[in-house]
Amino acid sequence: MRKRCSSRHAAPRRRAHRSAIRALFSGLSSARVRAALGFGVVLCLGSVTTFAYWTDEATVSGGAFNAGKLDIKVGDPGVDNNPTQFTSDFAMSSMVPGSAKNATLQVTNAGTVGFTYTVGASATEAGAGSNQMGAAIRIAVYAGSSCTGAPIAGPSAPSALTVTRPALPPATGNVESLCFRASLPSNASTDLQGRSTVVTLTLTATQVTP
Amino acid sequence: MSLGSRYFRVGVAMTRPRWWREAVLTVGAAAGALCVVVAIAVVAFDARALVFRSGSMSPAIETGALALARPVPAADVSEGDVVSVRNDEGTRVTHRVVAIETVGEQARLTLKGDDNPTVDAQPYVVTSVDRVVFDVPRVGYVVSWLSGPIGLILLGGYAAFLLSVLFGRRRDASVKTTGARRTTTGVASLALLVGLGASVPAVTEPTLAQWTDTAASQSGTFSAFSVTSQAAPTCSTEGGLLGALTFARITWTHVDDRYEYEWVIRRSSNGAEQNSGVISPSSAAGSSVSFDVGTNLLSLGLGSTNLDFVVTARLKSDPAWKARSSTSTPIRTGAVVLGLNVRCEHI
């Protein structure tokens, strides 16, 4: 009784509201309307693939997803930064013009994705002036564990050193060695007497496109 | 078609499992509606959909996410935006902007993946760039799979099913439309979607968030040699027997077998150089080096003069590398009938 009373006196706006919702629902529940909307998926994805064939852009399908890890390690045993053996090997005191020191650095791919990497360097005391050891010292890089044959980079000042290495795939124990040679050129200035420098090598690995 | 057979069909249809049909239609409609919204966004804003193939933007955007990006002018890009660019190898890379330098219409962007320890090796110079508006996790995996061969076959089957619903005989007894009307509805909606789909120029592209990792390796200290000076030389006056002229015998200790020694004789009063030379001993360090200064090295015109014998050490291999300081010892000439007497003292 009460319900009937209330519906008869219900506001006209609420009544229109209700019927609009009802119409919307019945429309959506129609199989045809849903089927028509469902075509959106076909056209979305269908156009993706066909468009990719017309252009030279990489297709979405078939490529790999890489949720792995990129990890470059240096030294033996491989560590994230500053292997102690290299620090003690790659040093020399009492350098005179013509002096040189070699040291080997192992590079390991300890992650799950392949990478290419570059090597750059910086040195302390590398400003302008004839007494700057970091600018006068020369670094050469050789592929392999010994500094023989033609260098792959240098000899150049540390700040000018660039080495680009090919891809190192991920595999247990996938290690490559680089030999670094530090030398003081024969025309090094006498103002360098008693000066010193510390060279820092930075290896930057970039993920290889799967 | 008689009424009886139609109802018969309806009756048969209702006893077969229809839940799968309803589910596919409803889910498909929801996905399709979403696709239409994306398509409208793509058309209206020239957006592109990006599938994240690697995780260097995690945790903000994980591997397999689908993101929508739209081009914005370089001047509107700010730090913290996630933007998508092509690197030198042509790979699309999507990372966060950590530094911008704007020059007029161009901007130089430094990008860094959230999960990378360092910024990207190369900066990107752009006039406009695709900025990620939002991303949906895991949908990228779905999109990629559906674009594959199995996915396409399934899509084909799904499309056929949809067509059968749109144009097939009505099995749904609740909708009361006439035959002509349902065909029109079907054709109209299909035409609308074909038009929309055909006008989507941008497509879904794979992007690498592209990881980087760095390793530093520090050397020890490389230090240069310092040439140390010899101690002050000693002098002894020799000769002068039986009327012979005296000479000064200068002696010092050989500091390092890599050294040789420059010597200069200077007038004490004004430093004027009288003579000079180099002594290159082949003996070992610690041994004595000696040099005789007699009348043969000095001009008779000197008469009685105070002089200094100055020694400077230098590297045999690199004569430019000399000791910072020199040492010396005093000598003196005295004129005599036969020539000059050289003695180890000043008067």
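Please read these numbers as outputs of a predicted model, since none were measured by experiment. In what follows, every heavy atom counts, from backbone to side chain, and hydrogens, waters and symmetry copies are set aside. Letters go in sequence order (proteins before strands), and every chain restarts at 1.
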With A:Lys101 via salt bridge (charged side-chain N to carboxylate O under 4.0 Å, His left out) - residues at least two apart: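 With neighbours one apart ignored, the set is empty.
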Portion of [X] that has a non-hydrogen atom of chain B nearer than 4.5 angstrom:
{"X": "A:Ser189", "result": "backbone"}
{"X": "A:Asp80", "result": "backbone"}
{"X": "A:Leu105", "result": "side chain"}
{"X": "A:Ser88", "result": "neither"}
{"X": "A:Leu70", "result": "both"}
{"X": "A:Asp191", "result": "backbone"}
{"X": "A:Ala188", "result": "both"}
{"X": "A:Leu192", "result": "both"}
{"X": "A:Met133", "result": "side chain"}

At a heavy-atom distance under 4.5 Å, which candidate from [options] has the highest pair count against chain B?
{"options": "A:Ala91, A:Gly98, A:Gly75, A:Ser99", "result": "A:Ala91"}
{"options": "A:Val79, A:Asn81, A:Thr200", "result": "A:Asn81"}
{"options": "A:Asp71, A:Val74, A:Thr87, A:Thr202", "result": "A:Thr87"}
{"options": "A:Gly134, A:Ala103, A:Ser94, A:Ser93", "result": "A:Ser94"}

Closest non-hydrogen atom pair, B:Ala216 against A:Pro83: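 Looking at all heavy atoms of both residues, the closest pair is O-CD, 4.2 Å.
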Shortest non-hydrogen separation from A:Phe90 to B:Ser219 and the atoms involved: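 Looks like O-CB, 3.2 Å.
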Can you tell me how far the [atom1] atom of [X] sits from the [atom2] atom of [Y], to the nearest 0.5 Å?
{"X": "B:Ser217", "Y": "A:Gln85", "atom1": "OG", "atom2": "CD", "value": "11.0 Å"}
{"X": "A:Leu184", "Y": "B:Phe225", "atom1": "CG", "atom2": "CZ", "value": "12.5 Å"}
{"X": "B:Ser223", "Y": "A:Met95", "atom1": "OG", "atom2": "CE", "value": "8.5 Å"}

Part of B:Leu315 lying under 4.5 Å from any heavy atom of chain A: side chain
Chain A contact via B:Tyr158 - which portion, at a heavy-atom distance below 4.5 Å: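 For B:Tyr158, the contact with chain A is made by the side chain alone.
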Which residue out of [options] racks up the most heavy-atom pairs below 4.5 Å with chain A?
{"options": "B:Ala224, B:Gly28, B:Ala29", "value": "B:Ala224"}
{"options": "B:Arg324, B:Arg258, B:Glu62", "value": "B:Arg324"}
{"options": "B:Val27, B:Leu25, B:Thr118, B:Asp115", "value": "B:Leu25"}

If we ignore hydrogens and angles and just use 3.5 Å, is the side chain of [X] paired with the main-chain N or O of [Y] as donor and acceptor?
{"X": "A:Asn82", "Y": "B:Gln218", "result": "yes"}
{"X": "A:Thr190", "Y": "B:Ala320", "result": "yes"}
{"X": "A:Gln193", "Y": "B:Val227", "result": "yes"}

Among B:Thr214, B:Thr212, B:Asp213, side chain to side chain contact (heavy atoms under 4.5 Å, CB included) partner for A:Ile72: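 The side chain to side chain contact (heavy atoms under 4.5 Å, CB included) with A:Ile72 is passed solely by B:Asp213 among B:Thr214, B:Thr212, B:Asp213.
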